[in-house]
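See below for the structure under consideration.
Each chain gets a letter, A, B and so on, in the order its sequence line appears, and its residues count up from 1.
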Amino acid sequence: MSDDAETSDGEPASPLDDQTAPFYTIGQVSSLLGMPQAALRRLDDQDIVSPERSEGGQRRYSRNEVDRLREVATLTEEGVTLPGVRKVLALRRRVEALEEEIADLRARRPE
DNA sequence: TTTCTCACA
DNA sequence: TGTGAGCA
């Protein structure tokens with residue numbers, strides 16, 4: 001933990017470094033990942049990758065979501081259906097939560 | 001001009 | 001899943 005753009009309290013050093021703050025338009029993401037805008041909208045409809053909305057109701061994707069989109073694209077290319085992708089992402093979050101819990105338990109009861 | 005939603009094949 | 005209409 002040293003070269004990250006974060007302060008000691010875990011806050012991003014600046015909004016520009018916040019993986020959650022930078023927003024891309026659907027057009028940017030679409031050409032960036034080479035995937036149709038319609039596909040992006042369907043992923044949003046099915047709650048697989050749901051970006052924030054601007055005042056005008058337009059989708060704004062964060063870097064995190066662009067990364068997630070990359071993973072989703074890989075899975076679908078491998079033949080995983082959207083409900084399947086949804087399952088994978090849910091299990092992924094579950095694993096992360098459990099890993100955090102394990103780390104926490106280890107800290108409380110060291111060997 | 002770009003994005004939005006909705007609808008059709 | 002891709003395309004097009006009609007709107008803001």
Side-chain angles (χ1 to χ4, degrees):
Chain A
M1 306 76 144
S2 57
D3 62 335
D4 280 346
E6 287 185 359
T7 54
S8 54
D9 59 342
E11 289 293 307
S14 99
L16 295 178
D17 297 317
D18 188 347
Q19 300 293 110
T20 264
F23 299 103
Y24 297 90
T25 64
I26 194 170
Q28 294 273 265
V29 176
S30 158
S31 61
L32 201 64
L33 303 182
M35 109 191 289
Q37 299 187 5
L40 263 12
R41 298 196 178 101
R42 285 171 209 284
L43 290 176
D44 180 13
D45 292 340
Q46 298 181 38
D47 298 303
I48 294 172
V49 175
S50 309
E52 303 289 309
R53 294 298 187 115
S54 68
E55 266 193 27
Q58 300 189 333
R59 277 166 263 250
R60 287 289 126 93
Y61 293 84
S62 68
R63 290 192 198 172
N64 281 172
E65 285 162 337
V66 171
D67 286 343
R68 189 178 321 220
L69 249 11
R70 278 214 180 85
E71 192 178 358
V72 171
T74 301
L75 291 171
T76 54
E77 278 168 20
E78 289 172 350
V80 181
T81 60
L82 291 185
V85 171
R86 212 177 156 173
K87 202 83 177 176
V88 170
L89 293 181
L91 290 172
R92 209 183 180 313
R93 284 193 295 275
R94 185 102 172 88
V95 170
E96 283 166 5
L98 290 174
E99 284 176 340
E100 251 186 69
E101 193 174 331
I102 289 171
D104 186 55
L105 288 173
R106 281 190 176 149
R108 288 171 189 288
R109 194 188 64 74
E111 286 187 69

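Across all strands shown, C:dA8 forms a Watson-Crick or G-U wobble pair with B:dT2, both key distances being under 3.5 Å.
To the nearest 0.5 angstrom, A:K87 atom NZ is 13.0 Å from A:I48 atom CD1. With rounding to the nearest 0.5 angstrom, the CG atom of A:L82 is 11.0 Å from the CG atom of A:D45. Rounding to the nearest 0.5 Å places CZ of A:R70 at 11.5 Å from CE of A:M35. With rounding to the nearest 0.5 angstrom, the CZ atom of A:R93 is 13.0 Å from the CG atom of A:L98. To the nearest 0.5 Å, atoms CD (A:E65) and CZ (A:R59) are separated by 11.5 Å. Between A:L32 atom CG and A:Y61 atom OH the span is 12.0 Å, to the nearest 0.5 Å.
Between A:R63 and A:D67 there is no salt bridge, since none of the side-chain N atoms of the basic residue sits less than 4.0 Å from a carboxylate O of the acidic one.
Contacts between residues 65-76 of chain A and DNA chain B, defined by a heavy-atom separation under 4.0 Å, are absent.
The separation between A:D44 atom CG and B:dT3 atom P is 15 Å, rounded to whole Å. In this entry the distance linking CG of A:L43 with P of B:dC4 reads 13 Å, nearest Å. Distance A:R41 CZ to B:dT5 P: 7 Å, rounded to the nearest Å. Across the protein-nucleic acid pair, A:Q58 atom CD and B:dT5 atom C1' stand 13 Å apart, rounded to whole Å.
A:R60 comes within 4.0 angstrom of no nucleic acid atom, judged by non-hydrogen atoms across all strands. Residue A:L82 is in sugar-phosphate contact alone, with no base atom involved, counting any heavy-atom pair closer than 4.0 Å across all strands shown.
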Worked verdict on A:V85 versus A:L89 for side chain to side chain contact (heavy atoms under 4.5 Å, CB included): CA-CA 6 Å; A:V85 171; A:L89 293 181; 4.2 Å; yes
Residue pair A:R53, A:Q58: steps toward the side chain to side chain contact (heavy atoms under 4.5 Å, CB included) verdict: CA-CA 5 Å; A:R53 294 298 187 115; A:Q58 300 189 333; over 6 Å; no
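First and last contacting nucleotides of DNA chain C toward chain A (any atom under 4.0 angstrom from a heavy atom, 5' to 3' order): C:dT1 to C:dT3.
Between A:R59 and B:dC4, a side-chain N or O to OP1/OP2 separation shorter than 4.0 Å is present. An OP1 or OP2 oxygen of B:dT3 is reached within less than 4.0 angstrom by a side-chain nitrogen or oxygen of A:Q37. Residue A:T25 places none of its side-chain N or O atoms closer than 4.0 Å to OP1 or OP2 of B:dT2.
The nearest heavy atom of DNA chain B to A:R42 and to A:I26 marks one nucleotide each, and the one closer to the 5' end goes with A:I26.
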